[in-house]
Undergrad: 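Structure provided below as structure tokens; questions to follow.
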Number of protein chains: 2
Amino acid sequence: MPSEIAEIEPSLSGLEIEAIDLFISFMKLVGLPKSVGEIYGLLFVTETPLNSDQITDQLRISAGATSQGLKILRSFRAVRAVYMPGDRRDHFVADLDLSTFATAFLNDELKPRLESAAERIHRMEILIDAMPSQKKAAAFKRVERLKHWVDRGRKIMPWIQKFLVS
Amino acid sequence: MPSEIAEIEPSLSGLEIEAIDLFISFMKLVGLPKSVGEIYGLLFVTETPLNSDQITDQLRISAGATSQGLKILRSFRAVRAVYMPGDRRDHFVADLDLSTFATAFLNDELKPRLESAAERIHRMEILIDAMPSQKKAAAFKRVERLKHWVDRGRKIMPWIQKFLVS
DNA sequence: TATTTCCTTCAATAAAAAATGAAGGAAATG
DNA sequence: CATTTCCTTCATTTTTTATTGAAGGAAATA
């Protein structure tokens, strides 16, 4: 609800509010906290690099939340620090190329899960081997199904990346 | 060990535990509660249709959680009720074709977000039009970037579906 | 070397989300 | 038509997750 933010932080422009809202929604989709969406949204529409105090003040969140949020965003390469002559504070800009973010997300979140699923399926196959042969066939069929989908997930990943980068 | 008593003490097999764990992890990725992963995982490896009491007992969750979980899973077409002659209780089986689930997820979660993002971008463009022309160009550039990514998201959706279904 | 500034970390608190369990509705059963 | 069974809903409780704010470390500055 944009009006809620508008009431709390009158110094944010309508444009900033729309962008922040958009990214809050997007970050929630990928399971990241609201504050991360706020920070990325603000940086996305702000031309000049911002330091953590400016982010903290504009969004009215704590310094700790800003620090944590920037850490997460840097880990996804969604944000980077730029050098500002004559100012020792870190200043941050958003990487406008969202494919960087998407790639990092796929590698950090989806890929490890698919790997561990593959390991788990392997363990399942061993368990099935030890089952009475009557039940074996049905169990095997289902696990093969699962294996098929995990394989498919692994195959589609680089494909999505290629599509996004192009 | 008399078989009547064996039924009273429900315990999950190693295979079931692996499957349930796998789906808990997967459901968390897509932002669904643990219980939904538990239920789907159990149904995925169980050949015979299960009623909600059986699910509740085996997973040791409440009847309410089972009901809610099945509701969610049905809404995604991940699970369906099957008729069991001589038993008025609903019995459920998992749809083994995970592409059904993926399609429902894309349509229910991703698509609406992309639509609302598109609306929001439209509002942003109107706001930019009202800006002093000095700032206009830079703001416009960034919003165009955003628009580009939303468009790309919209384009990739049916493509992912096609890949999953094939 | 002392002081200030900037940033991070983390224990405590607040907020959000999920699970429980009791209540109640609807349909089947006696 | 009363009772039982099955299922759902929802207020409450529990659990999980995010945010705060104070403490402390590191580097720059005086």
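Values in this document were obtained by computation on a predicted structure and should not be read as measured data. Chain letters run A, B, ... following the sequence lines, proteins first and then strands; every chain starts at 1. What's counted below: heavy atoms across the whole structure, side chains too, no hydrogens, waters or symmetry copies.
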Undergrad: Can you pull out every side-chain hydrogen bond (donor to acceptor under 3.5 Å, both in side chains) where at least one residue sits in residues 126-151 of chain A? Sequence neighbours excluded, please.
TA: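 Of all non-adjacent pairs touching residues 126-151 of chain A, those that pass side-chain hydrogen bond (donor to acceptor under 3.5 Å, both in side chains) are E125(A)-K147(A).
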Undergrad: Can you name the ring-ring contact (aromatic ring centres under 6.0 Å, His included) partners of F105(A), sequence neighbours left out?
TA: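 With neighbours one apart ignored, the set is empty.
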Undergrad: Partners of T46(B) by side chain to side chain contact (heavy atoms under 4.5 Å, CB included), sequence neighbours excluded?
TA: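 Listed in chain order: E16(B), L42(B), T48(B), L50(B).
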Undergrad: Residues from residues 25-40 of chain B sitting under 4.0 Å of DNA chain D, heavy atoms only?
TA: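 DNA chain D contact set from residues 25-40 of chain B: none.
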Undergrad: So, using side chain to side chain contact (heavy atoms under 4.5 Å, CB included) as the criterion, who are the partners of R88(A) when residues are at least two apart?
TA: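 Testing R88(A) for side chain to side chain contact (heavy atoms under 4.5 Å, CB included), a comparison that skips the adjacent residues, returns none.
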Undergrad: Sequence neighbours left out, what passes side chain to side chain donor-acceptor pair (under 3.5 Å) with T103(A)? Give chain and number order.
TA: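 Here no residue qualifies.
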Undergrad: Whether the side chain of R152(A) engages the backbone of L164(B) through a donor-acceptor N/O pair (distance < 3.5 Å, no angle test) should be reported.
TA: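 Pair found, side chain donor or acceptor close to backbone of L164(B).
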Undergrad: With F163(A), which residues qualify under ring-ring contact (aromatic ring centres under 6.0 Å, His included), at least two apart?
TA: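 With neighbours one apart ignored, the set is W159(B).
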Undergrad: Can you measure R60(B) atom CZ to dT20(C) atom C1' for me and round it to whole angstrom units?
TA: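 Spelled out: CZ on R60(B) to C1' on dT20(C) is 16 Å.
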Undergrad: Using the test ring-ring contact (aromatic ring centres under 6.0 Å, His included), find all partners of F23(A) that sit at least two apart in sequence or belong to another chain.
TA: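 Scan of F23(A) (ring-ring contact (aromatic ring centres under 6.0 Å, His included), adjacent residues dropped) gives Y40(A), F44(A).
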Undergrad: Name all pairs fulfilling the side-chain hydrogen bond (donor to acceptor under 3.5 Å, both in side chains) condition that reach into residues 20-32 of chain B, sequence neighbours left out, sorted by first residue then second.
TA: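 Applying side-chain hydrogen bond (donor to acceptor under 3.5 Å, both in side chains) to every pair that reaches into residues 20-32 of chain B, excluding sequence neighbours, yields R120(A)-D21(B).
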Undergrad: Give me the stems containing DNA chain C, sorted by first residue, counting only three or more consecutive Watson-Crick or G-U pairs with both distances under 3.5 Å; say none if there aren't any.
TA: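 The stems that DNA chain C takes part in, listed by first number, are C:1-30 with D:1-30.
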Undergrad: Hey, could you give me each pair passing side-chain hydrogen bond (donor to acceptor under 3.5 Å, both in side chains) that has a residue in residues 70-84 of chain A? Not counting sequence neighbours.
TA: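 Of all non-adjacent pairs touching residues 70-84 of chain A, none passes side-chain hydrogen bond (donor to acceptor under 3.5 Å, both in side chains).
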Undergrad: I61(A) has an atom CD1; how far is it from atom P of dA14(C), in whole Å?
TA: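 I61(A) atom CD1 is separated from dA14(C) atom P by 18 Å.
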Undergrad: Using the 3.5 Å cut-off, write out each protein N or O paired with an N or O of nucleotides 4-8 of chain D and the distance between them.
TA:
{"residue": "dT5(D)", "atom": "O4'", "partner": "R88(B)", "partner atom": "NH2", "Å": "3.2"}
{"residue": "dT5(D)", "atom": "O2", "partner": "R88(B)", "partner atom": "NH2", "Å": "2.8"}
{"residue": "dC6(D)", "atom": "OP1", "partner": "R89(B)", "partner atom": "NE", "Å": "3.1"}
{"residue": "dC7(D)", "atom": "OP1", "partner": "D90(B)", "partner atom": "N", "Å": "2.4"}
{"residue": "dC7(D)", "atom": "OP2", "partner": "S52(B)", "partner atom": "OG", "Å": "3.3"}
{"residue": "dT8(D)", "atom": "OP1", "partner": "R74(B)", "partner atom": "NH2", "Å": "3.3"}
{"residue": "dT8(D)", "atom": "OP2", "partner": "S67(B)", "partner atom": "OG", "Å": "3.0"}
{"residue": "dT8(D)", "atom": "O5'", "partner": "S67(B)", "partner atom": "OG", "Å": "3.4"}

